[in-house]
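Inspection log for the structure reproduced underneath, given as structure tokens.
Atom set for the values below is all heavy atoms of this structure, side chains included, hydrogens, waters and symmetry mates excluded. Just so it is clear, the structure is predicted and the values come from calculations on it, not from any experiment.
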Amino acid sequence: MVIRSARLAIVGLVAVIAVALAGPLVHGVGAAQAEPRYPALSDFHALRAGEAPTRTGRVPVTVRDLGQLVVRSGLVEASDPYVSLGQAGRFAVPNGTYRVVQTVADMSKNRDGSNRRIAYLSLVLSDRPTTRVELAVPPGKPAPTGDKVYGVAVDAGMVAFADGAAIRAYLPTDDDPSAFIKGSGMFPIPGAQHGENIAVSDSGWGDGFYPVLVTRAADGSPTGLHIDTQVLGVL
């Protein structure tokens, strides 16, 4: 698991996936070089239909249910499913079956829906009101400081959530993910014993490095785990 300094910017050229870009990282959690960013609710736009700001103005936003993710190990892996599936960073969540939701931004010039981008892939852990958003930290890892973040290194234009233990236990090491993953959607983990599956989504502007965020209720309990593809917001 790698952690490097990260550039929190919308870089539509060769990166944007967790908080920045320093060149795609092939395995697990990483970070990239850029300005430090401390998430605030005012700049967090997941799961909110309507409009949201970008660097070039406000854009229409919709939300779309992708399906339900089964978690039995207390861990969720956030990965590029075609590059780092079964090898990426894992984050703690309570066991359960959870909604997976895409937050979709209409980035077309005429706001006609011709250029939709996935701004967040979210695992909804609770319907309780969210009061704060934080950089997610894998169990046993130090909290990020300065301009460092944990996130997902994307090299194939996709991001995914999966049960962090099942994906490692049941995914054949010589299996080509494209044999059972076909675009965005929910896909069973081959051989998994309890219905564990994979939630797969396009990753905003494509390859790069994107931060993983956790939202919390007033009592500190988690309400969601989110991959922020840096499409929305003005930072």
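- Across S122 and A46, no two heavy atoms sit closer than the pair OG-CB, 3.8 Å.
- Checked against M158 for a side-chain contact (heavy atoms from CB on, under 4.5 Å), the options V152, V200, I118 give a single hit: V200.
- Sorted by first and then second residue, the salt bridge (Lys or Arg N to Asp or Glu O under 4.0 Å) pairs with a member in residues 95-120 read D65-R99; sequence neighbours excluded.
- With 3.5 Å as the limit, one finds a donor-acceptor pair spanning the side chains of S221 and D219.
- In this structure, L121 is a member of the same hydrophobic cluster as L135, with clusters built from ILVMFWY side-chain heavy atoms closer than 4.5 Å.
- Counting heavy atoms from C-beta outward, L69 and L123 have side chains that approach closer than 4.5 Å.
- Once rounded to the nearest 0.5 Å, the distance linking CG of L41 with CZ of R132 reads 10.0 Å.
- Checking side-chain atoms of S203 against main-chain N and O of G206 turns up a donor-acceptor pair under 3.5 Å.
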- request: Give the C-alpha distance, both sets of side-chain angles, the deciding distance and a yes or no for side chain to side chain contact (heavy atoms under 4.5 Å, CB included) between H226 and V124.
  value: CA-CA 9 Å; H226 315 266; V124 181; over 6 Å; no

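- Residue R90 holds its CZ atom at 3.5 Å from CZ of R168, rounded to the nearest 0.5 Å.
- Residues V133 and V214 have side chains not in contact (no heavy-atom distance under 4.5 Å, counting atoms from C-beta outward).
- Hydrophobic cluster membership differs between Y120 and V63, with clusters built from Ile, Leu, Val, Met, Phe, Trp and Tyr side chains linked at under 4.5 angstrom.
- Side-chain contact between D80 and V159: absent, with no pair of heavy atoms (C-beta onward) separated by less than 4.5 Å.
- Contact between M186 and G67 at its shortest, heavy atoms only, is CG-CA, 3.7 Å.
- Summarising the geometry, atom CG belonging to N95 is positioned 10.5 Å from atom NE2 belonging to H194; distances are rounded to the nearest 0.5 Å.
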- request: Show your working on ring-ring contact (aromatic ring centres under 6.0 Å, His included) between F91 and Y150 and close with a plain yes or no.
  value: CA-CA 10 Å; F91 301 85; Y150 291 99; 7.2 Å; no

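- Checked against side chain to side chain donor-acceptor pair (under 3.5 Å), T223 has the following partners two or more places apart in sequence or in another chain: T130, T215.
- Linking Ile, Leu, Val, Met, Phe, Trp and Tyr whenever their side-chain heavy atoms come within less than 4.5 Å puts V149 and V137 in one cluster.
- Rounded to the nearest 0.5 angstrom, S79 OG and I227 CD1 are separated by 7.5 Å.
- At a threshold of 4.5 Å between non-hydrogen side-chain atoms, the residues L66 and V101 do not count as touching.
- What you find for S126 and P222 is that their closest heavy atoms are CB-O, 3.8 Å.
- Hydrophobic clustering (ILVMFWY, side-chain heavy atoms < 4.5 Å, transitive): V61 and W205 are in one cluster.
- Here R216 pairs with E134 under the side chain to side chain donor-acceptor pair (under 3.5 Å) rule; sequence neighbours left out.
- Between F161 and I198, the closest side-chain pair of non-hydrogen atoms is not below 4.5 Å.
- Atom OH of Y170 and atom CD of E196 lie 6.5 Å apart (nearest 0.5 Å).
- D202 places no side-chain N or O within donor-acceptor distance of the main-chain N or O of G204, the cut-off being under 3.5 Å.
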- prompt: Between D163 and V70, is a side chain to side chain contact (heavy atoms under 4.5 Å, CB included) present by the stated rule, with each step listed?
  reply: CA-CA 7 Å; D163 181 281; V70 177; over 6 Å; no

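- Judged by distance alone, the side chains of S201 and Q102 do bring a donor and an acceptor atom under 3.5 Å apart.
- Between the side chain of N197 and the backbone N or O of I189 there is no donor-acceptor pair closer than 3.5 Å.
- For the residue pair A156 and Y82, the shortest heavy atom distance occurs at CB-CB, 3.8 Å.
- Look at R58 and E51 and you find a salt bridge, because one of the NZ, NE, NH1 or NH2 atoms lies within 4.0 Å of a carboxylate O, short of that distance.
- Rounding to the nearest 0.5 angstrom, the gap separating the CD1 atom in I181 from the CZ atom in F187 is 6.5 Å.
- Panel note: side chain Q193, backbone G191; a donor-acceptor pair is recorded below 3.5 Å.
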field: Residues R48, T103; criterion side chain to side chain contact (heavy atoms under 4.5 Å, CB included); working and verdict
entry: CA-CA 7 Å; R48 302 176 185 175; T103 301; over 6 Å; no

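- Counting only distance, with no hydrogens or angles, the side chain of T229 and the backbone of A119 share a donor-acceptor pair below 3.5 Å.
- Put simply, V104 and V100 are part of two different groups of oily side chains (I, L, V, M, F, W, Y) that touch within less than 4.5 Å, one to the next.
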